[in-house]
Amino acid sequence: MSVESNYQVAKELYAKYGIDTDAALKKLAEIPVSIHCWQIDDLTGLENFEGKLTGGIAATGNAGGKPKSIPEYFEQLEEALKLIPGKKKVATHAIYHNAGMSVDRDQIEPKHFTHWVEFAKKMNVGLDFNPTYFSHPKSEDGFTLSSNNEEIRKFWVEHGKRCRKIGEYFGRELGQTCYTNHWIPDGYKDTTVDKLGPRKILEKSLDEIFEEKIDPKYNVDSVESKLFGLGSEAYVTGSHEFYTNYVAHKGNCIICMDAGHFHPTEVISSKLSSYLAFGQEIMLHVSRPVRWDSDHVTILDDETKAIMEEIKRCDAFDKVHIGLDFFDGSINRIAATAIGGRSAKKAILLALLEPTQELMEAEHAGNFTKRLALLEEIKGLPFGLVWAKYCDMCGCEQDDWIKRY
């Protein structure tokens, strides 16, 4: 049977549950997923192809094919993006500029990222941005924006300021808001006495970085927490609680939550509604922790599905900005990028194919029997046939691409 005839069968089956598959596909086409650029090269960056990761970050694996030049890097990224159907953005990092080692991070400017704008226009995607507060001599002692060394702190504050201007540049050039996400590795490896001091310094640094007003039409800043990192197991300055309070009190940025940055028993899907209740925007880094923040490739697992279900149930696809963040050097990096992007898109589609209104009505009426029965029955509906239709609509391969890798 053809993709279209299969889709018509699925459409009829979903309609029995009051689900409009055409409407779901139309909505899916409007929701961008920000594909991170650093899976392609294990977060090495274009600043220095021989650079090493520091700051509690590790990309494991030694699969061949890692790009060795800027043209090769962009060829691989383009190949990966073409395998992900629908609307997309690309998230890049400050170390992916084109000036090599000749320009330090407190000196980068929009002119060092024109190649990204050209690539984005070619691929018809928006851009998001990330300052790189790690893998640098001035981050080797484990502290950046919360450093008590004023010279080091000012260096990283200037880096943050310049990254915001680059985000603004992306937004102006592409006509899409750039979300510039700030994550720092700061913290202590062992028992910490002064937990307040570094957080007051971080507050000061963030205030300085965000002091200049930038039109949110072009750039919106987010701050990303972490529970612990390698080398900062005992204390992390930028905790979830710190950033939640900073965002709420300052109003100059939004929260970013990474699926791997919490205790192994915590999930970000359960946190979303607490922010949405107050009308807050949220940036997401959808990843897959295995025992710890190991940044495994995003798959169609329970938590990824739960994240998208919660966004849909809160009617918040305009408030929650979905981005990916993982790096696995043990498998083909192009395929890994595609797998993660496609899995996120599949999870969104599954959420859109849920009879949410009927489920809520049952819940509000106290009919928990119907709620559970309906949730279980829809699991058997032929979601894959609707996904195949979406790939076909987007001119994207459904599964033949796997043979190439």
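The first residue of the sequence shown is numbered 1, and numbering continues consecutively from there.
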Check A336 against Q39 and note the closest heavy-atom contact, atom names and distance.
CB-NE2, 3.4 Å
Is it the case that the side chain of E72 and the backbone of K68 share a donor-acceptor pair, with hydrogens and angles ignored and the cut-off at 3.5 Å?
yes
Between E212 and K165, does at least one N-O distance fall below 4.0 Å, as a salt bridge requires?
yes
Answer whether the closest heavy-atom distance between the side chains of T114 and Y169 falls below 4.5 Å.
yes
Find out whether C396 and K82 are in side-chain contact, i.e. whether some heavy atom of one side chain is under 4.5 Å from a heavy atom of the other.
no
Distance check, rounded to the nearest 0.5 Å: E140 atom CD versus I152 atom CD1?
9.5 Å
Distance check, rounded to the nearest 0.5 Å: E158 atom CD versus R162 atom CZ?
4.5 Å
Looking at K11 and D22, is there a salt bridge between them, counting it only when a charged N and a carboxylate O are closer than 4.0 Å?
yes
Among residues at least two apart in sequence or on other chains, which ones pass side chain to side chain donor-acceptor pair (under 3.5 Å) with D293?
K226, H261
Quick one: do K379 and E376 make a salt bridge, cutoff under 4.0 Å?
yes
Residues which pass salt bridge (Lys or Arg N to Asp or Glu O under 4.0 Å) with K250, listed by chain and number, not counting sequence neighbours:
E203, D207
Under the ring-ring contact (aromatic ring centres under 6.0 Å, His included) rule, what do F170 and F129 come out as? Steps first, then yes or no, please.
CA-CA 9 Å; F170 286 163; F129 198 52; 5.6 Å; yes
Between Y133 and H93, does the ring centre distance come in under 6.0 Å?
no
Got a donor-acceptor contact below 3.5 angstrom from the K305 side chain to the A351 backbone?
no
Checking D186 side chain against S146 main chain: does a donor-acceptor pair fall under 3.5 Å?
yes
Closest heavy-atom pair and its distance - C178, G171
CB-N, 4.3 Å
Looking at side-chain heavy atoms only, is the closest gap between N245 and Y243 below 4.5 Å?
no
To check you understand the geometry: which heavy-atom pair defines the closest contact between A91 and W38, and what is its length?
O-CZ3, 3.5 Å
Flag the pair R153 and E208 as a salt bridge only when some basic side-chain nitrogen lies within less than 4.0 angstrom of an acidic carboxylate oxygen.
yes
Interatomic distance, CD1@I311 vs CD1@I282, rounded to 0.5 Å, equals 8.0 Å
What's the separation between atom CD in E309 and atom CZ in R313, rounded to the nearest 0.5 Å?
4.5 Å
Backbone of Q107 reached by a side-chain donor or acceptor of D104 within 3.5 Å
no
Looking only at atom types and distance, does a side-chain atom of S205 sit under 3.5 Å from a main-chain N or O of L145, one as donor and one as acceptor?
yes
Whether over 12 other heavy atoms sit under 6.0 Å from D302 CG:
no
Using 4.0 Å as the upper bound for N to carboxylate O, is an ion pair formed by K370 and E361?
no
Minimum heavy-atom separation for D325 and D295, please, with both atom names.
O-OD1, 3.3 Å
Just do the side-chain contact (heavy atoms from CB on, under 4.5 Å) check on Y14 and L385 with the steps written out, would you?
CA-CA 11 Å; Y14 273 101; L385 302 183; over 6 Å; no
Less than 4.5 Å apart, any side-chain heavy atom of E78 and any of E75?
no
Could you tell me whether the side chains of N219 and Y179 share a donor-acceptor contact shorter than 3.5 Å?
no
Residues H136, F155; criterion ring-ring contact (aromatic ring centres under 6.0 Å, His included); working and verdict
CA-CA 11 Å; H136 188 279; F155 174 88; 5.0 Å; yes
Listing request: all ring pair (Phe, Tyr, Trp, His ring centres under 6.0 Å) pairs with a residue in residues 210-234, at least two apart in sequence or in separate chains.
H182-F210
Within the supplied structure, the quantity of interest is the number of heavy atoms (other residues, nucleotides, ligands) at a distance under 6.0 Å from D315 CG; does it exceed 12?
no
Going by atom types only, do T356 and K312 share a side-chain donor-acceptor pair under 3.5 Å?
yes
When you measure from the side chain of N130 to the backbone N and O of T92, does any donor-acceptor pair fall under 3.5 Å?
yes
Any donor-acceptor N or O pair under 3.5 Å, side chains S287, H285:
no
Note: E4-K389 ion pair, threshold 4.0 Å (strictly below):
yes
Is there side-chain contact between K189 and S232, with heavy atoms separated by less than 4.5 Å?
no
Using atom types as modelled and distance alone, determine if a side-chain donor or acceptor of R105 lies under 3.5 Å from a backbone N or O of A94.
no
If you look only at pairs with a residue in residues 60-88, which of them pass as a ring pair (Phe, Tyr, Trp, His ring centres under 6.0 Å), with sequence neighbours excluded?
Y73-Y96, F74-H115, F74-W116, F74-F119
Side chains of Y275 and K319: does their closest heavy-atom pair fall under 4.5 Å?
no
Would you check if R288 and D301 make a side-chain contact, meaning some heavy-atom pair closer than 4.5 Å?
yes
Walk me through it: do I254 and V220 pass the test side-chain contact (heavy atoms from CB on, under 4.5 Å)?
CA-CA 8 Å; I254 66 174; V220 171; 4.1 Å; yes
Specify the closest pair of heavy atoms between T44 and K66, including all atoms of both residues, with the distance to one decimal.
OG1-NZ, 2.7 Å
Between H36 and F326, is the side-chain contact (heavy atoms from CB on, under 4.5 Å) condition met? List the steps.
CA-CA 8 Å; H36 61 305; F326 54 81; 3.3 Å; yes
Distance, nearest 0.5 Å, that separates CZ of F242 from NZ of K195
15.5 Å
Least distance between heavy atoms, E224 atom then W183 atom:
O-CD1, 3.4 Å
Checking the side chain of T337 only, and the main-chain atoms of A80 only, is there a donor and an acceptor separated by less than 3.5 Å?
no
Flag side-chain contact, heavy atom, 4.5 Å: Q176 against L127:
no
Keeping the roles fixed (side chain from T298, backbone from V286), state whether a donor-acceptor pair exists under 3.5 Å.
yes
Can you measure from OG1 (T192) to CD (E233) and round to the nearest 0.5 angstrom?
10.5 Å
For S2, what residues pass the side chain to side chain donor-acceptor pair (under 3.5 Å) criterion, not counting sequence neighbours?
S5
Checking F383 against T21 for the side-chain contact (heavy atoms from CB on, under 4.5 Å) test, could you report, in this order, the C-alpha distance in whole Å, the side-chain angles of both residues, the deciding distance, and whether it holds?
CA-CA 10 Å; F383 150 77; T21 56; over 6 Å; no
So, E168 and R172, do they make that salt bridge, N to O below 4.0 Å?
yes
Do the side chain of T244 and the main chain of H240 share a donor and acceptor less than 3.5 angstrom apart?
yes
Tabulate below the donor-acceptor pairs under 3.5 Å that side-chain atoms of residues 23-30 make, not counting sequence neighbours, or state none.
none

